[in-house]
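Here is the structure we will look at.
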Amino acid sequence: MSIQDIIEGKKQWRAHVARVKALPPDYRIVYQEMQRYLFKVGPTDLIEGGLLPGIVDFFEEGVAAGKGVLEVTGTDVAAFCDDLIKDSRTYADVYQESLTR
């Protein structure tokens with residue numbers, strides 16, 4: 001990874017964080033909890049993949065439609081997250097594999 005790649009990655013991350021900060025407070029709180037959850041158990045390619053920006057896109061559409069965040073995700077946010085990553089290799093899978101070796 002070159003220094004230019006690192007700089008570009010930081011620019012993209014800062015732009016992403018700015019989009020999250022622009023969300024209404026209820027959306028921002030749920031996003032932050034989802035992010036925390038996904039960083040713990042989420043897919044191993046979470047950072048490089050488009051999952052987090054996709055969630056922000058989805059939330060921005062909900063805001064534009066005038067919906068509350070729980071109308072968009074449902075009341076069980078953890079189940080919503082699990083459904084997003086159901087076909088992905090997760091850190092929990094990696095940990096489980098390391099126990100069986």
message: One pair to check against side-chain contact (heavy atoms from CB on, under 4.5 Å): Ile55 and Leu84. What are the steps and the verdict?
response: CA-CA 10 Å; Ile55 292 170; Leu84 288 175; 3.9 Å; yes
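- The salt bridge (Lys or Arg N to Asp or Glu O under 4.0 Å) check on Lys11 picks up nothing, with sequence neighbours excluded.
- Remark: Leu70 engages Thr73, Val77 in a side chain to side chain contact (heavy atoms under 4.5 Å, CB included) (not counting sequence neighbours).
- Using a distance-only test at 3.5 Å, with no hydrogens or angles considered, a donor-acceptor pair links the side chain of Glu71 to the main chain of Gly68.
- Within the 4.5 Å cutoff, no side-chain heavy atoms of Thr75 are placed close to those of Phe80.
- In terms of heavy-atom proximity, Asp93 sits nearest to Ser88 at OD2-O, 3.8 Å.
- Sequence neighbours left out, the pairs with a member in residues 17-27 that pass side chain to side chain donor-acceptor pair (under 3.5 Å) are Arg19-Asp57, Arg19-Glu60.
- The two residues Val72 and Gly62 make their nearest non-hydrogen contact at CG2-CA, 3.9 Å.
- Hydrophobic clustering (side-chain heavy atoms under 4.5 Å, transitive across Ile, Leu, Val, Met, Phe, Trp, Tyr) keeps Ile29 apart from Phe58.
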Please list every donor-acceptor pair under 3.5 Å in which a side-chain atom of residues 30-42 meets a protein atom from a residue at least two apart or in another chain.
{"unit_1": "Tyr31", "atom_1": "OH", "unit_2": "His16", "atom_2": "NE2", "d": "2.6"}
{"unit_1": "Glu33", "atom_1": "OE1", "unit_2": "Arg36", "atom_2": "NH1", "d": "3.0"}
{"unit_1": "Glu33", "atom_1": "OE2", "unit_2": "Arg36", "atom_2": "NH1", "d": "2.5"}
{"unit_1": "Tyr37", "atom_1": "OH", "unit_2": "Asp82", "atom_2": "OD1", "d": "2.5"}
{"unit_1": "Tyr37", "atom_1": "OH", "unit_2": "Asp82", "atom_2": "OD2", "d": "3.4"}

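- Grouping Ile, Leu, Val, Met, Phe, Trp and Tyr residues whose side-chain heavy atoms lie under 4.5 Å apart, directly or via other members, places Tyr95 in a hydrophobic cluster with Leu99.
- Residues meeting the side chain to side chain contact (heavy atoms under 4.5 Å, CB included) test with Ser2, sequence neighbours left out: Gln4, Asp5.
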